[in-house]
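Structure first, then comments.
We count ligands from 1, going down the list as the structure has it; atoms in each ligand are counted the same way.
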Amino acid sequence: SIWDKFAHTHLRISNDDNGDIACDSYNKVEEDVAILKQLKVTHYRFSISWSRVLPDGTTNYINEAGLNYYHRLVDALIAANIQPHVTLYHWDLPQALQDIGGWENDTIVTKFRDYADFIFDRLGHKVKFWITINEPYNVAMIGHGYGVGAPGISFRPGTLPYIVGHNLLKAHAEAWHIYNDKYRAKQNGIISITINSDWSEPRNPYKQEDYDAAIRAIQFYIGWFAHPVYNGDYNDIMKTVIRERSLAAGLLKSRLPEFTPEEVKRIKGTYDYFGFNYYTTKPTDLAQLTLGVGSIVDLTWLDSGSGWLKVTPFGFRRILNFIKEEYGNPPIIITENGISERGTVDLNDTHRSHYYEKYINQKAINMSQIKYGVDIRGYTAWSLMDNFEWTNGFSERFGFFYVNHSDPNISRVAKKSVSDYSKIITCNGFPHPESGHECLNPVEGKLTPWIVNST
Ligand SMILES: *[C@@H]1O[C@H](CO)[C@@H](O)[C@H](O)[C@H]1NC(C)=O
Ligand SMILES: *[C@@H]1O[C@H](CO)[C@@H](O)[C@H](O)[C@H]1NC(C)=O
Ligand SMILES: *[C@@H]1O[C@H](CO)[C@@H](O)[C@H](O)[C@H]1NC(C)=O
Ligand SMILES: *[C@@H]1O[C@H](CO)[C@@H](O)[C@H](O)[C@H]1NC(C)=O
Ligand SMILES: *[C@@H]1O[C@H](CO)[C@@H](O)[C@H](O)[C@H]1NC(C)=O
């Protein structure tokens, strides 16, 4: 995949780490299911590696051994009463497709549809929860704008991310439609795209220009992908700003591609739930937005092991409310949320327990005040165990379980947060803050269970 190639390029990854053997989950189905049981979770989200199953990206050649790994995993999960939640694309494009233009080449749309079709056909009778594409914003920006993720392209930062984003949206829509038309009736699952976004907090909320800057930043982040999927077409702020800047730079048309009316119709409504990844908030003001003065952070917010991640639980509540208001109160599944550490291994990860308690409690603060009534149906933490964290290799660790690479067995070692998180799960989000054995108001604190709508 493009990530194999990228990780084998000198100086691309911290310590020149690579993912040849990362968590080694391919050989550890039983161990992985055992630690999921220890956490007491009801769902496990993982992704399928496209090139592991279809090495050249097409069904010309099927790697049955690769596909069989996903059968082994899914079967073991179901036997343990843990529902699989499967992502089709989590950034690792087959290199063979990159060699013919990757996400820039619009023939990727039918290639992705055919891959999705193949997976639904082979695995769909066992899986009820699907994600087409994970974090299209990062695929477009990190991979094709900043170039610090695979495929590492950065020489057309104002143009290429928009072309890539355009094809990602069309590819997602085709995968959703093939599921809807061909598989939904017999397989009875749900499928959506997972969108990530930071919240932008106006640096001074009483200053109109900071407020406007924050709104604009949000529309360029979550709004880039969510607006077409939920409301049809790109949002007006993006369309206006990019067109104005393109014309001012002497271009004849906007750098943001346009959807045809047929494409708008095809993309609008291609969701069964809002898959959402949230980690952090950025304070925003006009100078930062227009001059691109890096990303600014509020020094009073707690740190993590990742430079971009500050502990900002309040932003979770605000962006969830934004999703409700902006996109018509969709049912939401939080598909990622978590915190990292770096440096010396310390299994006493109190920062992680603190993070999950504060973020999840954003819904619990005085239940009678949940006037927003955001419709959250599920929650998945990132991550089960320390993983190959992209450009940061093994140096930033997001797991509940430490993965010991000094041990030839690549063993998983529980951090302290495992017992705290399993309490959160047991209490459906709301453990009693003092008592080690009780849940907080089990009636009001109950999340709505997901009911798969067979229509
Ligand atoms: C785009 O992909 C098609 C095959 O899917 C290929 O024939 C064509 O050459 C590619 N275009 C570029 C610019 O690589
Ligand atoms: C873990 O860290 C917390 C906070 O620093 C401390 O109070 C606690 O005693 C530590 N626990 C262990 C087992 O070291
Ligand atoms: C919760 O909010 C309601 C409505 O604002 C208020 O009447 C009630 O006193 C609050 N409860 C607590 C425990 O703060
Ligand atoms: C990791 O494995 C090495 C080698 O087996 C062992 O010495 C070390 O204690 C392990 N570390 C942890 C945190 O379990
Ligand atoms: C490796 O891990 C497995 C599962 O935890 C365990 O059964 C096995 O004994 C371990 N092997 C060694 C050499 O530590």
Quick one: ligand 2 N/O to protein N/O pairs below 3.5 Å?
| unit_1 | atom_1 | unit_2 | atom_2 | d |
| --- | --- | --- | --- | --- |
| ligand 2 | 2 (O) | N348 | ND2 | 2.3 |
| ligand 2 | 11 (N) | N348 | ND2 | 2.9 |
| ligand 2 | 14 (O) | N348 | ND2 | 3.4 |

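Put simply, the side chain of H172 gets close to the backbone of T270: a donor and an acceptor are under 3.5 Å apart.
Close approach to Y402 involves these atoms of ligand 4, each under 4.0 Å from a residue heavy atom: 13 (C). Against a heavy-atom cut-off of under 4.0 Å, V413 is close to the following atoms of ligand 4: 14 (O).
The two atoms that bring F259 and D233 nearest to each other are CD1-OD1, 3.8 Å, heavy atoms only.
One finds no salt bridge joining K423 and E357 here, because no Lys/Arg side-chain nitrogen approaches an Asp/Glu carboxylate oxygen to under 4.0 Å. For the pair K182 and D117, the salt-bridge criterion is met [side-chain N within less than 4.0 Å of a carboxylate O]. We find that E104 and R156 are joined by a salt bridge, their nearest charged nitrogen and carboxylate oxygen being less than 4.0 Å apart.
Under 4.0 Å from ligand 1, the heavy atoms of N105 that appear belong solely to its side chain.
At least one N/O-N/O distance between N404 and ligand 4 falls below 3.5 Å. Where the criterion is an N or O separation shorter than 3.5 Å, residue side chain and backbone included, G101 fails it with respect to ligand 1.
A search for side-chain contact (heavy atoms from CB on, under 4.5 Å) contacts involving D386 returns R397, Y402, V403, K415, not counting sequence neighbours.
Using a non-hydrogen distance threshold of 4.0 Å, K111 registers as a contact of ligand 1.
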Practice task
Output, in order, the C-alpha distance, side-chain angles, deciding distance and verdict of side chain to side chain contact (heavy atoms under 4.5 Å, CB included) for R318 and T281.
Solution key: CA-CA 10 Å; R318 293 183 190 176; T281 285; over 6 Å; no
*Take L93 and W50 through the side chain to side chain contact (heavy atoms under 4.5 Å, CB included) test and state the conclusion after the steps.*
CA-CA 7 Å; L93 192 73; W50 187 345; 3.6 Å; yes
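Remark: N81 CG is loosely packed, at most 12 non-hydrogen atoms of other residues, nucleotides or ligands lying under 6.0 Å away.
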